[in-house]
Protein chains: 2
Amino acid sequence: MPDTTYSKYLLSEDEIPKAWYNIMADMPNPPAPVLHPGTGQPVTPDDLAPLFPMSLILQEVSTERYIEIPQPIRQIYAQWRPSPLFRARRLEKALDTPARIYYKYEGVSPVGSHKANTAVAQVFYNKEAGIKKLSTETGAGQWGSALSMAGAFFDVEVEVFMVKVSYQQKPYRRNLMQTFGATVHASPTNLTDAGRSILEKDPQNMGSLGIAISEAVEVAAKSGGTTKYSLGSVLNHVLLHQTVIGQEALLQLEKADDYPDVVIGCVGGGSNMAGLAFPFMGEALRKGLRTRFLAAEPMSCPSLTKGIYAYDFGDTVGMTPLVKMHTLGHDFMPPGIHAGGLRYHGMSPLISQLHEEGIIDARAYHQNAVFAAATTFTRAEGIIPAPEAAHAIRAAIDEALEAKEAGEERVILFNLSGHGYFDMLAYENYFAGNLQDYEYPADAVAAAQQRLPQIV
Amino acid sequence: MPDTTYSKYLLSEDEIPKAWYNIMADMPNPPAPVLHPGTGQPVTPDDLAPLFPMSLILQEVSTERYIEIPQPIRQIYAQWRPSPLFRARRLEKALDTPARIYYKYEGVSPVGSHKANTAVAQVFYNKEAGIKKLSTETGAGQWGSALSMAGAFFDVEVEVFMVKVSYQQKPYRRNLMQTFGATVHASPTNLTDAGRSILEKDPQNMGSLGIAISEAVEVAAKSGGTTKYSLGSVLNHVLLHQTVIGQEALLQLEKADDYPDVVIGCVGGGSNMAGLAFPFMGEALRKGLRTRFLAAEPMSCPSLTKGIYAYDFGDTVGMTPLVKMHTLGHDFMPPGIHAGGLRYHGMSPLISQLHEEGIIDARAYHQNAVFAAATTFTRAEGIIPAPEAAHAIRAAIDEALEAKEAGEERVILFNLSGHGYFDMLAYENYFAGNLQDYEYPADAVAAAQQRLPQIV
């Protein structure tokens, strides 16, 4: 049993991982190919070249177990990495549980979430390829602010399509992006064909990640090569960049002389969960460990627990390649919950396949239960979590209470992927009793099935 | 010349200071006594007992150089301390300066500022004395949220009087305090005689730190001993608790093989500047070093640069003992600038005396110049500073530009006392050109002189 005075596990800068870990090297089955929507055939690197620099495209399809992190990226990482791993002793005490709860805290990055890990990498590779401008989408604004910061560091222009409901609910995130020098639009906009097509049908449309992706992809695709597109989750190379989190946590738990029974992350597109979990999953797959992996998602947008595992578009309008994933249908419009980063119709193909293969479990939670967990956590640990990350806290607390019920010493590790300083309005609404718990409609799955694209 | 890969200087948990450093042991002259407003005689510890536990009163008057930090306080400190010291290499590059700029970053505490350092200590000592409830004031909300967090940790109730202009401008800070379980009022309130007396004269009064202090002091004074009062700056024991900052910085600069020519902090009540500067000042006074110390304050509330050095009340209504300090008059109403934490009519007696003796310099800055500096900093370093801390950044950048002009290798150290995640509205107003630069009225000093209390 670990016992340190302060329950914080730090690493030195030398221990920042020198390579990202690629789960594709250890998966039981190769990942399902990405298909071209026109031909129904697997896409080639050249098909993706209008959107991404070749270095990122090669990472997207690589099956090498380790991919070296360039030194300029590690130098920037070192401003906030290695991030701390905490043992939540005060939370354990508040819950009166025999479980040992650890959390990796990614809120220490200057933009307050794990998104900085891939933002810095993506801007670096684009800069290296001579790109002057990036377009992207953002939900709650965590990804958009991370890319804006990295853009400021490398002198690359950033244009952000921000989901309108978050643009209005979270003006502070928008202000942060603008302070970094980025341009921010409330999506859907009149600036793109994609945005206009949505607004024609529904002028009051409050936006979704799928729509914002359509807009950002269109800007890059029509730029004639001057602008590339950048995505904050879902894709293999994005999840890859996040694996610094789990690799650090493996080392930190070694120092704590402990090992998790269950590894938990919230999932929207899947990148923060993958970042923490994949290195532990690699260990489990290679060594035959029985570690459990649990994805926590919102009941209002339950792609893993209610979605169909099928080929679908990554965006709403249908501009992206087809990826095999858990999807609620690419035109699903999730309710305006406060965990804006989790309002995505699909799920990362890697997470989806690992869920389908029984390696990743998933549970869905209602907003009010999630904020109740966040409040318990804040009063015990001091840190106020982002509503997205609070889903992981809900799952971790439930695991700890189950362990208490069973009288067992369960070891729980979760990713506190970001802080909630920009989300205090959500807490105010929670305390005022104004948060609604949305149910996913019972007939929605059959309806989504109808809307899936036909593979040629 | 220092050269590390990442420009971040960390310490181990063992290097968290084991004692606070007390500048009173090294000041050229003993501090001016605090006077009882009724008798004009120096106050006794018993006079202060209705407001503070005896352990803090003894710290207030101690002349011991080092005062041991109890282990439970160090354990909580260890969640975020030692805080990092950064070399601002990207900022240096952006300014093209030969100066070396270092900043100590206190935004890493769970509430995002240095205020947590004294909040934890004050709640600990009150808890030890059997106190169940604390009342306090807050300006921007940084202090109130720090005390609320510490109250949650030690199970001590917290009641906060928040300056009304900030209560309205910064609802997120209020929400944070409420999430910790604290009660928050917009001051002036109808709950106290002090508040009612202000509202009778001026029903639209937007509040000030001085008024909020009157209200919080009254709540404690009339509680019959169940409630004590807690102050987030100004007092000797508060400044004492902040000296962990400077002691860590001394060690970190030793690791960087460097030493500051100038040490900079923003000042409202003075505690973050004292926290960083006093340990360096002690070195300078004991060893005869020529280190400069620079206090950065707002032009709209310029207590050090325009105030009178005289005995005055710490609060607006006149309930506190008389302290000798730089003051703009205890009923001075500063304009509603966004650096709410700097809107205080007076200045810590220790900082005041050291300024009067020529040991601390001071400069005042306009809001727009401060936000321009903050924007430059954010784009280079990623961290968005609180408007208060941005005053120190303005001063540091000016020093760096002077060094460039003079072609000299100046070493600049400043305290980045907190992040600005809760202050994005201020940045929005800055970019929209809506920030007003207030001048302190030319005849205000003579007017303040008239309003000073008469010493018996």
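The shown structure was predicted, so the numbers you read here are calculated from the model rather than taken from an experiment. Reminder, nothing fancy here: chain letters follow the sequence lines and each chain counts from 1.
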Which one wins on heavy-atom pair count under 4.5 Å against chain B: [options]?
| options | result |
| --- | --- |
| A:V111, A:L425, A:I383, A:T375 | A:L425 |
| A:D423, A:T378, A:L10 | A:T378 |
| A:F431, A:F371, A:F153 | A:F153 |

Part of [X] lying under 4.5 Å from any heavy atom of chain B:
| X | result |
| --- | --- |
| A:R173 | neither |
| A:R379 | both |
| A:Y427 | side chain |
| A:S145 | neither |
| A:A116 | neither |

Are side-chain N/O atoms of [X] and [Y] paired as donor and acceptor at under 3.5 Å?
| X | Y | answer |
| --- | --- | --- |
| B:E381 | B:Y103 | yes |
| A:Y102 | A:D258 | yes |
| A:E106 | A:S417 | no |
| A:E428 | A:N434 | no |

Looking at [options], which has the largest count of heavy-atom pairs under 4.5 Å with chain A?
| options | value |
| --- | --- |
| B:V108, B:L176, B:T179 | B:T179 |
| B:W80, B:F180, B:Y105 | B:F180 |
| B:S12, B:G181, B:G112, B:A150 | B:G181 |

Polar side-chain atom of [X] near backbone of [Y] as donor-acceptor pair, under 3.5 Å:
| X | Y | value |
| --- | --- | --- |
| B:K164 | B:H185 | no |
| A:K115 | A:A146 | no |
| A:E248 | A:P17 | no |

Tell me whether the guanidinium CZ or amine NZ of B:R87 lies under 6.0 angstrom from the six-membered ring centre of B:Y9 and within 45° of its axis.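 No.
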Under 4.5 Å heavy-atom distance to chain A, tell me which part of B:I384 shows up: side chain, backbone, both or neither.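 For B:I384, the contact with chain A is made by the side chain alone.
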Counting only heavy atoms closer than 4.5 Å, note whether B:S109 contacts chain A via side chain, backbone, both or neither.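 Only the backbone of B:S109 comes within 4.5 Å of chain A.
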Classify the angle between the aromatic ring planes of B:H419 and B:Y421 as parallel (below 30°), tilted (30 to 60°) or perpendicular (above 60°).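 Because their plane-to-plane angle lies in the 30° to 60° range, the rings of B:H419 and B:Y421 count as tilted.
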